[in-house]
Amino acid sequence: MPELPDVEIFRRRLDRHGLDRPVRRTTVAAPDLLDGASPQSLGRLLKNHRLVETRRHGKYLFASRDGGDGWLVLHFGMSGSVQPLVPDEEPPEHACLTIAFDDGGIAYVAPRRLGMIGWTECPAAFVEAHHLGPDALAIDRDAFVEALSAHHGMIKCWLMDQGHIAGVGNVYADEILFQAELPPRCEAAALDREAAGRLHGIMQRVLSAAIEARADPERLPEGYLLPHREQGGLCPRCGGEVASVDACGRTAWYCPTCQSD
DNA sequence: CTCCATGTTTAGAA
DNA sequence: CTTCTAAACATGGA
């Protein structure tokens, strides 16, 4: 789940359930996910502080503590999420980190434990240090076209490279290319500036629609690929069977009829 | 048992 | 230096 739309939903959930109350207790059940902090140091950084602001860049989520002198950093890997803590109930299964208030709190849940829990003094510095490109929803058309036109290689791989654009992953890259009617292995340099500009608009429209749909494929608008992105799935546009092909080491699902050069 | 999965990093080959 | 490929990481589900 955790691509840009999913992380945006987690951000909003954290806004709703995780801000403005003093942290009483943090537990770290998966210390191996901590990057640059120990369970003790993280506990000390949060204890009796309040989280007051959230930001998202690509697939990374940041939450600042009061004073603005430090930010919790979360990355969700392949399976992570943010879930509320329900008072008087056990934390969710696979909770790697819990941040509890007197009443409620939030949990970072990751069944497959491929994510990261960290701390930074400045999200912008963190983004730079991790070589992340501009956020996919924030980048403007000209910057997108400029960056894309300098690239040789498969279009899908460029979209998924977090150093070029941050936030697009395997699933939404497929949706974006389906909406753009471009095959996943299409050469990026084959797009002229007009086509690249169109792709920019489609990317932002798809990501916005996914957020609107609460990152639930079943709630996406009619005519989207994702609900049919599986073996035997039928293209919502032409009714033909979808196909898969390898691109950048991942499975790309597409419609061979609607997405051809 | 095998294979696959929404991600990232690293090593090595062209 | 850029691009592509494979493997590794941890774990659950089909």
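Below, chains carry the letters A, B, ... as their sequence lines are ordered, and counting in each starts from 1. Since we're looking at a predicted model, the values are computed, not measured.
Separation of the P atoms belonging to dC1(C) and dT8(B) is 23 Å when rounded to the nearest angstrom.
Pair assignment for dC4(B): dG12(C), on the basis of Watson-Crick or G-U wobble contacts that are both within less than 3.5 Å.
A donor-acceptor pair is defined here as one N or O able to donate and one able to accept, closer than 3.5 Å; such a pair exists between the side chain of Gln179(A) and the backbone of Gly223(A). Gln204(A) places a side-chain N or O within 3.5 Å of a backbone atom of Ala136(A) that can act as its donor or acceptor partner. A donor-acceptor pair is defined here as one N or O able to donate and one able to accept, closer than 3.5 Å; such a pair exists between the side chain of Glu3(A) and the backbone of Val171(A). For the pair Gln259(A) (side chain) and Leu177(A) (backbone), a donor-acceptor distance under 3.5 Å is present.
Listed nucleotides dC9(C), dC4(C), dA5(B) differ in distance to Leu114(A); the shortest reach to its side chain belongs to dC9(C). Considering only side-chain atoms of Arg113(A), the nucleotide from dA10(C), dT8(B), dT3(C) that sits closest is dA10(C). Here the side chain of Arg112(A) is nearest to one of dT3(C), dT8(B), dT11(C), namely dT11(C).
Distance, Leu226(A) CG to dA5(B) P: 15 Å, rounded to whole Å. As rounded to whole Å, 13 Å separates atom C1' of dT8(B) from atom CD of Glu3(A). Residue Leu61(A) contributes atom CG, which lies 16 Å from atom P of dG7(B) at whole-angstrom precision. Distance Leu159(A) CG to dT8(B) C1': 17 Å, rounded to the nearest Å. Between Lys156(A) atom NZ and dG7(B) atom C1' there is a gap of 13 Å when expressed in whole angstrom units. Nucleotide dT8(B) holds its P atom 11 Å from the CG atom of Asn170(A), rounded to whole Å. In this structure, the CG atom of Leu148(A) is 15 Å from the C1' atom of dT3(C), given to the nearest Å. Here the P atom of nucleotide dT11(C) and the CD atom of Glu93(A) are 13 Å apart, to the nearest Å.
If you find the closest nucleotide of DNA chain B to Ser79(A) and to His130(A), the one lying nearer the 5' end belongs to Ser79(A).
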Interface polar pairs with nucleotides 11-14 of chain B, N/O, under 3.5 angstrom:
none

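Disulfide status for Cys248(A) with Cys157(A): present, SG atoms under 2.5 Å apart.
Counting any heavy atom pair closer than 4.0 Å across all strands shown, Pro2(A) reaches a base atom. Residue Met154(A) is classed as a sugar-phosphate contact, given heavy-atom separations below 4.0 Å to backbone atoms only. Heavy atoms of Gly249(A) sit nowhere under 4.0 angstrom from any nucleic acid atom.
Taking the charged nitrogens against the carboxylate oxygens, Arg21(A) and Asp102(A) have no contact shorter than 4.0 Å, which rules out a salt bridge.
Relative orientation of the Phe76(A) and Phe10(A) rings is tilted, given thresholds of 30° and 60° on the angle between their planes.
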